[in-house]
Amino acid sequence: MLQIKNLQAGIEDKPILKGINLTVNAGEVHAIMGPNGSGKSTLASVLAGRDGFDVTGGEALYNDNDLLDLAPEERAREGVFLAFQYPVEIPGVNSAYFLRSAVNAILKHRGEEELDAMNFLKAVKVKMKELGLGEDFLKRPVNAGFSGGEKKRNEILQMTMLDPRLAILDETDSGLDIDALRIVADGVNRLRSDDNAQVVITHYQRLLDYIVPDFVHVLHDGCIIKSGDKSLALELEEKGYDWLTKEAA
Amino acid sequence: MSQLATTNPAVEPVEAFTKLEQNGAALMPLRKAGLARFSDSGYPTLRDEDWRFTNVKPIAELPFRPTIDPLGQALGQEQLGNVTFGQLSADRLVFIDGHFNAALSQIGDQSSGVTVTHLTSGLAGLERELGSLSIGDDNPFVALNDAFFTDGAVIQIADGQRLAKPVHLLFVTTASEDGEAAHIRNWIVAGANTQGTIIESHLSLGQAATVTNVVTESRIGDGANIEHIKFQDQSNRAFHLASLHSELGRDAQYTFHSIALGARLSRNNLRMRLAQPGIECILNGLYMLRGQQLADHHMVVEHAAPHCDSHEYFNGILDDQSRGVFHGRILVQPGAQKTDAKQTNKNLLLSDDATANTKPQLEIYADDVKCTHGATIGEMDDDAIFYLRARGLDTPTARRMLLHGFAGEIVERIRHDAVREELNALVLGRLEAVHKLD
Ligand SMILES: Nc1ncnc2c1ncn2[C@@H]1O[C@H](COP(=O)(O)OP(=O)(O)OP(=O)(O)O)[C@@H](O)[C@H]1O
Ligand SMILES: [Mg+2]
């Protein structure tokens, strides 16, 4: 599904990603861990198409097509979803209106019938209930004044409504209390299937108790310095990153 | 007097005065005092602190042509049916170039304690009241209005009564000669525990450089709950000057919305006096400008009693070479403890040549108060655009959504459903039609 080959990217002449190699197949969950500033969010941003990052080398193929050549909205319509580490507050834009527009943009692209207000509401209310979001949520402006946990739950709500093929979750667990963490993880797990994949960026092993990864990668200074199975996360929890970064140096 | 002594075909003030005197001698003291004040001050200039960013020289240079008599433009109901709020179920007072038009107006059944009429209908005792709320204001346009106003709305709601329907004041200019000026005077008294919605809209038919100079005095009684929506959508050659002088009673709730979309230059002076405890006063405004337009909101909110809340929310969308001006003075008098005053002014610049001038001014003479203000001037939020694009929306859609949301923050505060919905659709349509979204 996703093949990243020797990907190098930076911002204003500052290299951040220094040759990432990563293959994600359908049906897999990958966890990316690594110290602050190692480039995890940058990788997510480059994959989602945020302006301001220069790709200086390598490539990223998504279903065998050049992902980096697509506009952000085209990537989204093709099934790439980024749950933001810092969801943006958009005052004045009603959540229901926003979400229905997004869902319909994607349905339209897939050649499926768009949802009218009624059917959208029906669908979204089911998902909101699963995520423990109150009904007034839809009437509020997107993320405006939301608590940290509400913002993260909103990312998951959007993800479940948009039904992506490739979901990249950037620290969706940060700032969640333990109950919310479980709710969010359940949301991700419900989405899992043989034809989609998830890349979960996290600092904490505890999320991986709920979303069990097939692979764990450690990103350090713009490179993946170690990959392993779920036991690697446990090892990191115990020993930190030092032993790895020394090894890499 | 030199300011007024312009060349023909403008009229002389004396000539204008003679006619006005025939309309009612009782108002002459107010008019004469106004004329004297204006003769002293002349038009404001950029050197006046209150007019630093708003240059009214183009108005001063126009020929002086107050529309003392109706211009005789024949207007039919069908022309008014299509205007904004034209279909709204309301009592409608229509003024053409500052003159009441009975044929176009419809005043339905209001309860017996409610008077909805126009100034020159001969309402007894009003001449002693007019000017009582605007008197302290040294704004030269108020002085001009005192001298030359021709007519305007009178709304009086007796204690405990409510307006059965909104009252819609529709002011239309038809003038075809530059400088033709409608001086309009409104008088609103809402008694204790009254309720109602008042809509004031200002439109132009024709493209001349006309002047609308409207002064509204309003006295909102104890426990009254009044929503006042002012909609200004005049031609882009028109000059629009407005001032509102309000005195609010104990526990009154007063919400004033100013939607400024039109005019070459518009200025709204809002003067709110919170004279009794427990008042909640909301001033809520949106300006959307392009070309050479300028919109100026200049307000003084005076907290003269404790336990009052005032909130000002003004958003501006500025395109091309337009300019938005916001001046918000909050004056908390000694003893006005527990004041809660909030002020925000947000400006979105869609062009490098657009300008916003924003000036909060807090003057606080009490110690137990909460006053906050915030102002922003910026371009559209790239992070927000990316967020929307990352959800599958293309850039024009994302920009439209953000602009609509930005305007919607203001429009959403309108409580009257039909007005809010109509304005919401209108604003969205304007954004699509006028402002480049790609
Ligand atoms: N817009 C930017 N301008 C300049 N430097 C940036 C920018 N965005 C990221 N960086 C830098 O790139 C490096 C990687 O940042 P990134 O956000 O990808 O790290 P991260 O691994 O996600 O960290 P964290 O765990 O704290 O979220 C950091 O040194 C950061 O300062
Ligand atoms: Mg990060």
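All values below come from the heavy atoms of this structure, side chains included, with hydrogens, waters and symmetry mates left out. Every chain is numbered from 1 and lettered A, B, ... according to where its sequence line falls, protein lines coming before strand lines. Keep in mind that this is a model prediction, so the values were computed, not measured.
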*Which heavy atom in A:L47 sits nearest to a heavy atom in A:L67, and how many Å separate them?*
O-CD2, 3.6 Å

*Of all residues at least two apart in sequence or in a different chain, which pass the salt bridge (Lys or Arg N to Asp or Glu O under 4.0 Å) check with B:D417?*
B:R420

*Closest-packed option against chain A by number of heavy-atom pairs under 4.5 Å, given B:I410, B:L402, B:L393*: B:L393

*asked:* I'd like to know whether B:D320 forms a side chain to side chain contact (heavy atoms under 4.5 Å, CB included) with B:Q292, so could you lay out the CA-CA distance, the side-chain angles of the two residues, the decisive distance to 0.1 Å, and finally the verdict.
replied: CA-CA 7 Å; B:D320 302 329; B:Q292 308 286 322; over 6 Å; no

_What I want to find out is whether A:K5 reaches A:E59 closely enough, with some N-O distance under 4.0 Å, to be called a salt bridge._
yes

*Relative to each other, are the rings of B:H311 and B:Y313 parallel, tilted or perpendicular (30° and 60° limits)?*
tilted

*Does B:D296 pair with B:R267 as a salt bridge, N-O distance under 4.0 Å?*
yes

*Toward chain B: residues of residues 95-112 of chain A with heavy atoms under 4.5 Å*: A:Y97, A:F98, A:S101, A:A102, A:A105, A:I106

*Going through the checks in order, is the salt bridge (Lys or Arg N to Asp or Glu O under 4.0 Å) test met by A:E135 and A:K129?*
CA-CA 9 Å; A:E135 297 243 329; A:K129 210 165 172 193; over 6 Å; no

*What is the ring orientation for A:F146 with A:F137, classed by angle as parallel under 30°, tilted 30 to 60°, or perpendicular over 60°?*
tilted

*Less than 4.0 Å between a side-chain N and a carboxylate O, is that true for A:R165 and A:E78?*
no

*asked:* So for A:A144, is it side chain, backbone, both, or neither that comes closer than 4.5 Å to the heavy atoms of chain B?
replied: neither

_Please classify the contact between A:N143 and chain B as side chain, backbone, both or neither, with a heavy-atom cut-off of under 4.5 Å._
side chain

*asked:* At a 4.5 Å cut-off on heavy atoms, which part of B:D381 comes close to chain A: side chain, backbone, both, or neither?
replied: side chain

*asked:* Using heavy-atom distances under 4.5 Å, tell me whether A:R50 contacts chain B through its side chain, its backbone, both, or neither.
replied: both

*Count the heavy-atom pairs under 4.5 Å between each of A:L162, A:V93, A:D51, A:V142 and chain B, then report the option with the highest count.*
A:V93

*Under 4.5 Å from a heavy atom of chain B, the part of A:P164 involved*: neither

